[in-house]
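Notes to accompany the following structure.
Read the numbers this way: they start at 1 and go in the same order the structure lists the ligands and their atoms.
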Amino acid sequence: MKRKILILYTGGTIGMQASDNGYIPVPGFEALLRQQLRTGATQQLPDFEVQELDQLIDSSNLQPAHWTELAERLTSQWQQYDGFILLHGTDTMAYTASALSFMLRGTDKPVIITGSQIPLSELRNDALDNLITALILAGNYDIPEVCIYFNGRLLRGNRSSKLKSAGFDAFDSPNFTWLAQVGIHIDLHSHLLLESHPQPGFLAAGYKVPQFNPNAVVILPVYPGLSARIAQDMLSHDDVSGLILLSYGVGNPPDANAELMQTLEQAVQNNVTVVNITQCLQGKVSQGAYATGAALNRIGVVPGSDLTLEAAFTKLHYLIATQKPESLSRLMSQSLCGELTE
Ligand code: ASP
């Protein structure tokens, strides 16, 4: 029997049209898609329905509240479909993929996020191919994960980043093998996939999709000349409970800046969870390989292994919204759904 897939259009280039001010998201994606598919051999596709958010967005305007809205849209219709495709802008696609991977932990169905660099409404586009392949993957393969499909690559959502602003091959997962490679054939690396949970926790009676405080997590990149005042300003807001420190190389901060280190130490003592990830695109934090990084061990900063910025940021948001403060450091360094190498 054919599977039934829900396609949820959230906005983004894939369904945009040109306006006097540049591309804007417009409603009516389903009509456009059905028109494009009129000539194709669509019997290979699963059955699908298309829904749109009431407020379509350019994903640069994404807020943590959208993650709640999206998870609610999916979980409230979970039993009606065999899989889900989210059409999303590319700018913050990796944030949404990461956030949903935590919120839909233990998924038993594919949730594939895709979009495009050129809108479906244009003659030359990458939209149709991305969407059709995402449909074929969700409709024919057992993929119990939140993934990004883009330009021949199926990537674990919480391992993905947008690396190119204009290339069709915009997404990659520099620290994790692609889940599938799509060329003439579809090579799905099933041994890499997460285990399917027959009864995902988010379907339990009384489960509430997490709500996020948008100010709970801040990001502090280190750079030559960074002053402690910048960190102090960030941490001066009462509702900040987490800080992602984007350090150099294998996790090195400018430890010669004693005031900065004291500020971080004070933050940890004030129960702010500070997580250290690297600015490098590939590789992991090894906090203590250098004396500069060892300083972070002493003050209780959590080493973030090979988490992407998007995964570290959304995981910390998710844990702050759902867990007791004393368990955050431990959970940040454990893999919850394949997001880091332990
Ligand atoms: N600004 C667009 C968005 O993220 C870019 C895209 O979709 O490719 O919504």
Side-chain angles (χ1 to χ4, degrees), residues 6-33 36 50-71 73-74 84-101 103 111-135 137-138 146-155 157-174 178 182 212 214 219 281 308-311 313-314 317:
L6 173 64
I7 300 175
L8 179 58
Y9 177 52
T10 68
T13 297
I14 191 164
M16 287 193 184
Q17 269 172 26
S19 78
D20 290 346
N21 294 320
Y23 284 132
I24 48 166
V26 290
F29 188 85
E30 176 161 16
L32 188 62
L33 175 62
Q36 292 271 17
V50 182
Q51 297 178 4
E52 298 184 348
L53 291 190
D54 297 336
Q55 287 286 320
L56 298 173
I57 57 162
D58 182 307
S59 80
S60 321
N61 287 317
L62 183 96
Q63 297 293 322
H66 288 108
W67 303 329
T68 306
E69 181 183 357
L70 293 176
R73 283 290 281 245
L74 299 185
F84 302 87
I85 292 178
L86 240 61
L87 303 178
H88 196 290
T90 58
D91 288 341
T92 56
M93 186 182 284
Y95 284 92
T96 296
S98 297
L100 288 180
S101 76
M103 299 166 85
V111 177
I112 302 182
I113 308 180
T114 193
S116 66
Q117 296 280 47
I118 303 182
L120 182 62
S121 56
E122 303 219 351
L123 182 60
R124 189 178 75 83
N125 70 69
D126 54 334
L128 193 60
D129 184 53
N130 282 344
L131 177 48
I132 285 181
T133 307
L135 267 172
L137 286 165
V146 176
C147 311
I148 286 182
Y149 176 74
F150 219 90
N151 193 55
R153 303 170 183 174
L154 183 71
L155 309 172
N158 56 34
R159 291 284 197 160
S160 313
S161 291
K162 183 178 179 183
L163 300 188
K164 294 190 182 174
S165 61
F168 283 164
D169 54 345
F171 286 88
D172 208 336
S173 56
W178 301 347
V182 181
F212 302 96
I219 301 172
L281 275 184
T308 60
L309 170 62
E310 296 89 337
F313 180 76
T314 56
H317 256 299

Would you kindly say whether [X] and [Y] are connected by a side-chain donor-acceptor distance under 3.5 Å?
| X | Y | result |
| --- | --- | --- |
| Ser161 | Glu310 | yes |
| Ser60 | Asp91 | yes |
| Ser101 | Asn158 | yes |

Contact region, Pro25 to ligand 1, non-hydrogen atoms below 4.0 Å, reads neither
Specify whether Trp67 and Phe313 have parallel, tilted or perpendicular ring planes, treating 30° as the upper limit for parallel and 60° as the lower limit for perpendicular.
perpendicular
Quick one: pull up OG1 in Thr96 and NE2 in His66 and give me the separation to the nearest 0.5 Å.
9.0 Å
Straight-line distance of Phe171 CZ to Thr114 OG1, nearest 0.5 Å
8.5 Å
Tell me which one of Ile14, Thr13, Asp126, Leu56 gets a heavy atom nearest to atom 6 (C) of ligand 1.
Thr13
When you measure from atom 9 (O) of ligand 1 to every protein heavy atom, which one gives the shortest distance, and what is it?
Ser59 N, 2.7 Å
Residue, atom name and distance, where the atom is the protein heavy atom closest to atom 8 (O) of ligand 1
Thr90 OG1, 2.5 Å
Proximal atoms of ligand 1 relative to [X] (non-hydrogen, under 4.0 Å):
| X | answer |
| --- | --- |
| Asp58 | 1 (N), 2 (C), 3 (C), 4 (O), 9 (O) |
| Ser116 | 8 (O) |
| Gly12 | 7 (O), 9 (O) |

Check this for me: Gln55, atom CD, are more than 12 non-hydrogen atoms of other residues, nucleotides or ligands nearer than 6.0 Å?
no
N or O contact, Thr92 vs ligand 1, cut-off under 3.5 Å:
no
Do any nitrogen or oxygen atoms of His88 come within less than 3.5 Å of a nitrogen or oxygen of ligand 1?
no
Quick check on Ala170 - does any of its heavy atoms sit under 4.0 Å from an atom of ligand 1?
no
